[in-house]
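What follows is a short report on a single structure.
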Amino acid sequence: MCGRFALTATTKDIEKLLPGFNADNPFKSRHNIAPTQEIVTALSSEPNRLREVKWGLIPNWSKDIKIASKMINARAETLTEKPSFRQLVNRKRCLIFTDGFYEWQTIPESKKKIPHIIYFKDGMPFTFAGLWDEWKDIQTGTILTTATIITTSANEFMSQIHNRMPVIIDEQFRKDWLDVNIKFTDLAELTFSREFDTMIMEPIEKI
DNA sequence: CCAGACGTTGTT
DNA sequence: GTCTGG
DNA sequence: CCAGACGTTGTT
DNA sequence: GTCTGG
């Protein structure tokens with residue numbers, strides 16, 4: 001799955017990933033982004049903007065804000081079936097910016113978990129596939145924008161440590177993923193597990 | 001019909 | 001909002 | 001995902 | 001051990 005990641009690149013380098021998209025404000029460098037915190041995204045509805053939203057999807061119909069902490073990931077395999085996601089796949093897709101994510105390897109019979117960081121050889125930031133939504137807090141009238149990260153089965157490389165991984169959208173497909181004129185069924189292939197030539201994985205002591 | 005859930009992961 | 005379970 | 005809390009009563 | 005908050 002994907003429950004922690006980093007975004008330490010400069011705002012300028014992040015903007016380079018998606019020409020024409022500009023950041024609202026400079027983004028802070030962060031090594032350990034946790035669910036419920038702000039994440040940097042490009043949303044399908046706002047074609048020229050990079051903005052922060054909260055990690056943990058709150059569907060627009062939700063009565064309880066607490067649902068967010070359960071909705072940090074969405075399985076690619078069942079996106080079009082699940083009530084929480086099926087209405088979003090054709091209308092509210094997003095890209096989530098990162099330059100490395102963490103997975104924990106569980107060691108059988110020792111109860112220990114070893115964190116690993118996964119990133120690319122060039123050190124550049126890259127993008128996860130996500131879904132987003134807007135939710136109105138009835139008490140205050142505030143609109144909250146939230147997102148979830150789509151996961152898929154681990155590729156051969158990642159399966160050394162874990163059975164799931166986030167969906168990564170390559171450079172040439174980023175604009176397609178954000179284009180809601182393209183149906184999800186025509187993009188579903190992007191969520192399938194595949195190998196990456198320059199992916200690096202390293203065990204770390206601590207995040 | 002209404003009431004209640006709406007999710008993923010990992011472990012057994 | 002929509003589906004599932006009772 | 002991990003880290004940290006996990007509780008009540010009565011008094012200020 | 002399990003739930004909550006970040």
Side-chain angles (χ1 to χ4, degrees), chain A residues 1-8 27-41 45 52-94 96-119 126 128-138 142-155 158-168 180 184 191-193 201-207:
Chain A
M1 77 179 300
C2 183
R4 296 280 173 137
F5 64 96
L7 183 60
T8 59
F27 303 121
K28 282 185 213 141
S29 171
R30 292 151 74 204
H31 279 96
N32 186 8
I33 301 173
T36 72
Q37 297 177 346
E38 300 289 326
I39 56 178
V40 175
T41 62
S45 68
E52 291 185 312
V53 307
K54 284 213 174 231
W55 183 9
L57 188 87
I58 308 174
N60 66 83
W61 42 259
S62 183
K63 291 183 184 103
D64 187 2
I65 194 171
K66 287 184 190 161
I67 199 171
S69 52
K70 297 186 204 173
M71 304 280 201
I72 66 169
N73 291 141
R75 288 179 71 91
E77 296 91 330
T78 52
L79 277 187
T80 57
E81 300 163 19
K82 298 290 180 182
S84 297
F85 305 134
R86 57 179 303 173
Q87 292 181 305
L88 304 177
V89 294
N90 282 315
R91 304 200 57 80
K92 294 190 172 177
R93 296 190 292 258
C94 65
I96 296 150
F97 292 77
T98 179
D99 41 36
F101 60 95
Y102 303 100
E103 296 288 359
W104 280 260
Q105 179 180 28
T106 53
I107 307 300
E109 297 173 15
S110 81
K111 293 178 187 172
K112 290 200 172 180
K113 287 188 167 190
I114 302 170
H116 293 251
I117 183 165
I118 297 94
Y119 59 100
F126 52 97
F128 296 142
L131 300 173
W132 64 281
D133 206 353
E134 281 178 342
W135 176 81
K136 185 173 182 176
D137 185 336
I138 296 299
T142 313
I143 302 285
L144 204 54
T145 307
T146 62
T148 186
I149 296 171
I150 299 172
T151 63
T152 190
S153 57
N155 59 23
M158 287 290 304
S159 64
Q160 297 174 78
I161 59 161
H162 201 71
N163 63 340
R164 304 289 299 171
M165 67 184 291
V167 169
I168 295 167
V180 294
F184 177 75
T191 70
F192 298 171
S193 190
M201 176 166 62
E202 293 174 349
I204 51 178
E205 280 296 317
K206 203 165 176 283
I207 294 184

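We name chains A, B, ... by the order of the sequence lines, and we start the count at 1 in each one.
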Inset, instruction - Verify the contact: side-chain N or O of A/K113 to OP1 or OP2 of D/dC2, cut-off strictly under 4.0 Å; return yes or no. - result: yes
Inset, instruction - Using side chain to side chain contact (heavy atoms under 4.5 Å, CB included) as the criterion, point out the one residue from A/D99, A/I149, A/I207 that pairs with A/F5. - result: A/I149
Inset, instruction - Compare the minimum distances between each of B/dT8, B/dT9, C/dC3 and the side chain of A/R86, then state the nucleotide with the smallest one. - result: C/dC3
Inset, instruction - Round to the nearest Å and state the distance from A/K70 atom NZ to E/dG6 atom P. - result: 18 Å
Inset, instruction - Ignoring backbone atoms, test whether A/T36 places a side-chain nitrogen or oxygen under 4.0 Å from the OP1 or OP2 oxygen of E/dG5. - result: no
Inset, instruction - Looking at every strand, decide which applies to A/F85 at a 4.0 Å heavy-atom threshold: base, sugar-phosphate, or nothing. - result: sugar-phosphate
Legend entry - Derivation and outcome, salt bridge (Lys or Arg N to Asp or Glu O under 4.0 Å), residues A/E77 and A/R164: CA-CA 12 Å; A/E77 296 91 330; A/R164 304 289 299 171; 2.7 Å; yes
Inset, instruction - Using a cut-off of strictly less than 4.0 Å, decide whether A/R75 has a side-chain nitrogen or oxygen near OP1 or OP2 of B/dT9. - result: yes
Inset, instruction - Measure the acute angle between the ring planes of A/F126 and A/F128, then classify it against the limits of 30° and 60° as parallel, tilted or perpendicular. - result: perpendicular
Legend entry - B/dG7 to E/dC3 separation - C1' atoms, rounded to the nearest Å: 16 Å
Inset, instruction - For A/L131 and B/dG7, give me the distance from atom CG to atom P, rounded to whole Å. - result: 12 Å
Inset, instruction - State whether A/W104 places a side-chain N or O below 4.0 Å from either non-bridging phosphate oxygen (OP1 or OP2) of D/dC2. - result: yes
Inset, instruction - Take the protein atom CD of A/Q37 and the nucleotide atom P of D/dA3, then report the distance between them rounded to whole Å. - result: 13 Å
Inset, instruction - From the options D/dC1, B/dC6, B/dT11, select the nucleotide whose nearest atom is closest to the side chain of A/T106. - result: B/dT11
Inset, instruction - Mind checking A/I207 for me? I need base, sugar-phosphate or nothing, with any heavy atom below 4.0 Å counting as a touch. - result: nothing
Legend entry - Integer angstrom distance from the P of B/dA5 to that of D/dC6: 25 Å
Inset, instruction - In whole angstrom, give the distance that lies between atom CH2 of A/W135 and atom P of B/dC6. - result: 18 Å
Legend entry - Interatomic distance, A/T98 atom OG1 to A/I39 atom CD1 [nearest 0.5 angstrom]: 10.0 Å
Legend entry - Side chain of A/P35 (C-beta onward), nearest among B/dT8, D/dC1, B/dC6: D/dC1
Inset, instruction - Indicate whether OP1 or OP2 belonging to D/dC2 is found under 4.0 Å from a side-chain N or O atom of A/R4. - result: no
Legend entry - P atoms of B/dA3 and D/dT11, separation to the nearest Å: 44 Å
Legend entry - A/L57 CG to D/dC1 P, straight-line distance once rounded to whole Å: 18 Å
Legend entry - Distance, P atom - from B/dC2 to D/dT8, rounded to whole angstrom: 37 Å
Inset, instruction - Return the nearest nucleotide to the side chain of A/R164; candidates are B/dC6, B/dT8, B/dT9. - result: B/dT9
Inset, instruction - Could you state the atom-to-atom distance from CD1 of A/I204 to P of D/dC1 in whole Å? - result: 15 Å
Inset, instruction - In whole angstrom, give the distance that lies between atom CD of A/E81 and atom C1' of B/dT8. - result: 15 Å
Inset, instruction - Could you check how far NZ of A/K66 sits from C1' of E/dT4, rounded to whole Å? - result: 9 Å
Legend entry - A/T151 side chain near B/dT9 phosphate (N/O to OP1/OP2, under 4.0 Å): yes
Legend entry - Straight-line distance of A/Y102 OH to A/H31 NE2, nearest 0.5 Å: 6.0 Å
Inset, instruction - Would you indicate what A/N163 reaches in the nucleic acid, counting non-hydrogen atoms under 4.0 angstrom: base, sugar-phosphate, or nothing? - result: sugar-phosphate
Legend entry - Pairwise distance NZ(A/K70) to OG1(A/T148) - rounded to 0.5 angstrom: 13.5 Å
Inset, instruction - Determine which nucleotide pairs with B/dC6, using a 3.5 Å limit on both distances of a Watson-Crick or G-U wobble pair. - result: C/dG1
